[in-house]
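Right, one structure below, let's go through it.
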Number of protein chains: 2
Amino acid sequence: MVTRADIHHNQVHGTVGIVGLGLIGGSLARRLAHAGVDVIAWNRHHEPYAQAARDGIRCVPDLTDVAAAKPDVIVLCNPLKAMPAVLAALEPAIDRDVTTLTDVGSVKGMVRDQVMQAGLNDCYVGAHPMAGNELSGWSAADPALYDGALWAITVDDRTPFGRFRQVAALICSQAGNQAIVLDDETHDRAAAMISHMPHVVATALINELTDNPDRNIAAALAAGSWRDMTRVALTDPDRTRAMVDEDAINVEALLRSMAARLTAVADALQTGDDAVMTDFFADGQPFRDYKARLRAADAVADTPDSTRRFTLDIAADAGSATDWRRVLLDSARAGERIVDIDDAGTVRVISRAAFPEA
Amino acid sequence: MVTRADIHHNQVHGTVGIVGLGLIGGSLARRLAHAGVDVIAWNRHHEPYAQAARDGIRCVPDLTDVAAAKPDVIVLCNPLKAMPAVLAALEPAIDRDVTTLTDVGSVKGMVRDQVMQAGLNDCYVGAHPMAGNELSGWSAADPALYDGALWAITVDDRTPFGRFRQVAALICSQAGNQAIVLDDETHDRAAAMISHMPHVVATALINELTDNPDRNIAAALAAGSWRDMTRVALTDPDRTRAMVDEDAINVEALLRSMAARLTAVADALQTGDDAVMTDFFADGQPFRDYKARLRAADAVADTPDSTRRFTLDIAADAGSATDWRRVLLDSARAGERIVDIDDAGTVRVISRAAFPEA
């Protein structure tokens, strides 16, 4: 079935529906409205509406009003725990011929399961903007939160190219950001590695200090390293817990691995095992080298990131060597980021210093 | 014995000797020189000398030249592993009637042991500025590194008040910073909590990513939380290892406790133990509340920090209830910071939002 979404042309001035005007949804709504996009938004409580209206955001009384406005894309920015109720309310109201559904949740596998259970998988593409801070709520919403943000777009074998293209246009053309394409499992493993597990570690650090008998002295001595390592533990703990619970299997494995690493250092400190300590401090050297390459690239302002343009076989069978999903996942694995993509499947990517598999 | 140091008057323009012009020593030397202090400095290699001279720093060819210049204070800013050799070279050259010896090492117990072995304990007071970043070397030295820094000054039962006063004058009058007084053990336990152990955790995080099969994807998705939590793992790993090795007993205990916390969360994720997860995310709430109090205090610019002035009994016996060391340690435990102190033992402290013992 070719829907309007499948043949849609790139347009900065389409209509986007936003469900939830918290930190992430509010910042996105404001950013899109400032860029001239028609934004229609709903929030569970209506306190943000007066301010949002001044930003040019059209706020509606009921969740179903967002679907009834037939936007090109609806972006679900509600809390993860509200997802089943939001999906159930949207399902009868959404016009699948017109509207593509996406979300900004930090765990993708579980959201797709919920979307499937709600019978909305045929119009769904997952997304996760790598943007945020320790604040929350509309009062902290800031269009600049998305400056320079990379989004993960998650697809499965059944994702139509036109649906994907619609979400990529939102990200690249309307929000002015970049994107990589992943499957849910790869996303959730990678997000556990660089976000969900570290949030647990940061929380464990503030628990350790809270339980420390010298905590007032220690807190007084705390400087930059402590401040930076515990910043995310100041996040609303309910939001962090939801994220960890929904990516439980990946987070669990990484926490066990981290516990083993810390125990190995403790053992080596106890026994004075020089070889273990030497290995421990050398193991991450490839990451230090990668960061040094990134810094060097940043320092040379007149050296552009390398750019490549290629055209996807958007009619290829899922699973084939030319399947557009596989080609884009390989591009992501090679360190490329999508800057622009058109309806014909012509993609422009840039690549930066990569951290290739060992 | 009353020495010149014991009767010295507060002077912004005294002479300070700096041993080692790396990040910490170089930044301090430049800050003091900019403040009009006569700074005499030695570095193992002489590459920084030409630039240092332009800052008004008097650079000398031999380590013993620093002692021969009879400065009021010599600040040892050399790497911890060079400490025994530096102390051995200074011991015959230092004029104990004139010069007080201090250092900026991040572990205090072991430095005091080394100072004792070198026979220099009678003129030694420990110090540790809570300042630094992931860079190193003279090229990264910056007087602003010390802006707003809190120093720990470490004393033992035999520290003469005049020696302590000399180092406090360097910190408060000459460097324009604030200080708290600790014993070595309290310092090393607190520093393990908020710095040494977290450095190991940050290193374990970059090791975990380096060993991750999806490391390129994960590195691409890494945003603010990952960048902040791993910044200190980019520090010279030899420097981090030296710090951890020298505070081994405290770091070992904290690593075991952290490993147990992470394992408990992993177990709860596996079994779906709601109570454990709820407790884990609630445990650090007192720290979140403390940080909120600090932010609120910062936000009200016209509310000064509360100030208190009191006079120490500087002749009291060590261990007595009025022992100046004990009075100042209690002040530190109460969240107060020394802003100024004179020869008669009159102290001015400020206090901020504290994180009192539970």
Side-chain angles (χ1 to χ4, degrees), chain A residues 130 152 180 186 189-190 193-195 198 200-201 203-204 206-210 212 214-223 225-226 228-229 231-234 237 241 248 251-252 255-259 261-263 265-266 269-270 277 281 283-284 286-288 291 332-333 335 354-357, chain B residues 130 152 180 186 189-190 193-195 198 200-201 203-204 206-210 212 214-223 225-226 228-229 231-234 237 241 248 251-252 255-259 261-263 265-266 269-270 277 281 283-284 286-288 291 332-333 335 354-357:
Chain A
M130 305 312 295
I180 62 176
T186 303
R189 280 199 311 270
M193 175 66 238
I194 50 83
S195 173
V200 175
V201 171
T203 305
I206 73 164
N207 292 354
E208 192 70 53
L209 175 61
T210 300
N212 192 290
D214 297 310
R215 73 187 200 182
N216 200 15
I217 296 290
L221 291 183
S225 61
W226 176 262
D228 285 357
M229 289 198 67
R231 180 180 59 80
V232 298
L234 306 180
R241 181 177 171 184
V251 174
E252 182 204 333
L255 288 175
R256 293 200 192 285
S257 179
M258 281 291 290
R261 290 176 196 275
L262 302 186
T263 301
V265 175
L269 286 172
Q270 188 176 30
M277 292 297 284
F281 282 102
D283 188 19
F287 180 74
R288 294 188 194 100
K291 291 289 281 187
R333 287 198 178 279
F355 189 32
E357 280 76 20
Chain B
M130 303 314 295
I180 61 175
T186 303
R189 279 199 312 270
M193 176 66 238
I194 52 81
S195 173
V200 174
V201 171
T203 304
I206 73 164
N207 292 354
E208 193 70 52
L209 175 61
T210 300
N212 192 291
D214 297 311
R215 73 186 199 182
N216 201 15
I217 296 289
L221 292 182
S225 62
W226 176 262
D228 285 357
M229 287 197 69
R231 181 180 58 78
V232 298
L234 306 179
R241 182 178 170 184
V251 174
E252 183 205 331
L255 288 175
R256 294 200 193 285
S257 180
M258 282 290 289
R261 289 177 196 275
L262 302 186
T263 302
V265 175
L269 287 172
Q270 188 176 31
M277 293 296 284
F281 283 102
D283 189 19
F287 180 73
R288 295 188 193 99
K291 291 288 282 187
R333 289 199 177 278
F355 191 30
E357 281 78 18

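A note on names: the letters A, B, ... follow the listed sequences, proteins ahead of strands, and every chain is numbered from 1. As the structure is a computational prediction, the values presented were derived from the model and not from experiment.
- Heavy-atom pairs under 4.5 Å with chain B peak, among Arg189(A), Glu208(A), Met193(A), Met130(A), at Glu208(A).
- With chain B as partner, the option from Ala190(A), Pro237(A), Gly335(A), Ala152(A) having the largest number of non-hydrogen pairs under 4.5 angstrom is Pro237(A).
- Heavy-atom minimum distance, Phe355(A) versus Asn216(B): N-OD1, 2.9 Å.
- Note on Pro286(B), Ala248(B), Ala259(B), Ala233(B): by heavy-atom pairs under 4.5 Å with chain A, the leading option is Ala259(B).
- Looking at Arg241(A), both its backbone and its side chain come within 4.5 Å of chain B, counting heavy atoms on both sides.
- A distance-only check finds no donor-acceptor pair linking the side chain of Asp228(B) to the backbone of Met229(A) [under 3.5 Å].
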For this session: Evaluate the criterion side chain to side chain contact (heavy atoms under 4.5 Å, CB included) for residue pair Leu269(B) and Leu255(A); output intermediate values, then yes/no.
Result: CA-CA 10 Å; Leu269(B) 287 172; Leu255(A) 288 175; 4.2 Å; yes
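- Ranked by heavy-atom pairs shorter than 4.5 Å toward chain A, the options Ala223(B), Ser257(B), Ser195(B) are led by Ser257(B).
- Residue contact with chain B, scored on non-hydrogen atoms closer than 4.5 Å, involves the side chain of Arg261(A) exclusively.
- In this structure, the portion of Asn212(B) lying under 4.5 Å from any heavy atom of chain A is its side chain and not its backbone.
- At a 4.5 Å heavy-atom cutoff, the contact between Arg333(A) and chain B is made by backbone and side-chain atoms alike.
- Considering only heavy-atom pairs separated by less than 4.5 Å from chain B, the leading option among Ile206(A), Thr186(A), Val265(A) is Ile206(A).
- To the nearest 0.5 Å, atoms CD1 (Ile194(A)) and CG (Leu209(B)) are separated by 9.0 Å.
- Side chains of Leu221(A) and Ile180(B) form a contact here, defined as non-hydrogen atoms less than 4.5 Å apart.
- Chain A forms the most heavy-atom pairs under 4.5 Å with one residue out of Thr263(B), Val251(B), Val200(B), Val232(B), and that residue is Val200(B).
- Summarising the geometry of Leu262(B) relative to Ala204(A), their closest heavy-atom pair is CD2-CB, 3.8 Å, with the distance given to 0.1 Å.
- Annotation: side chain of Leu234(B) is in contact with side chain of Phe287(A) (closest heavy-atom distance under 4.5 Å).
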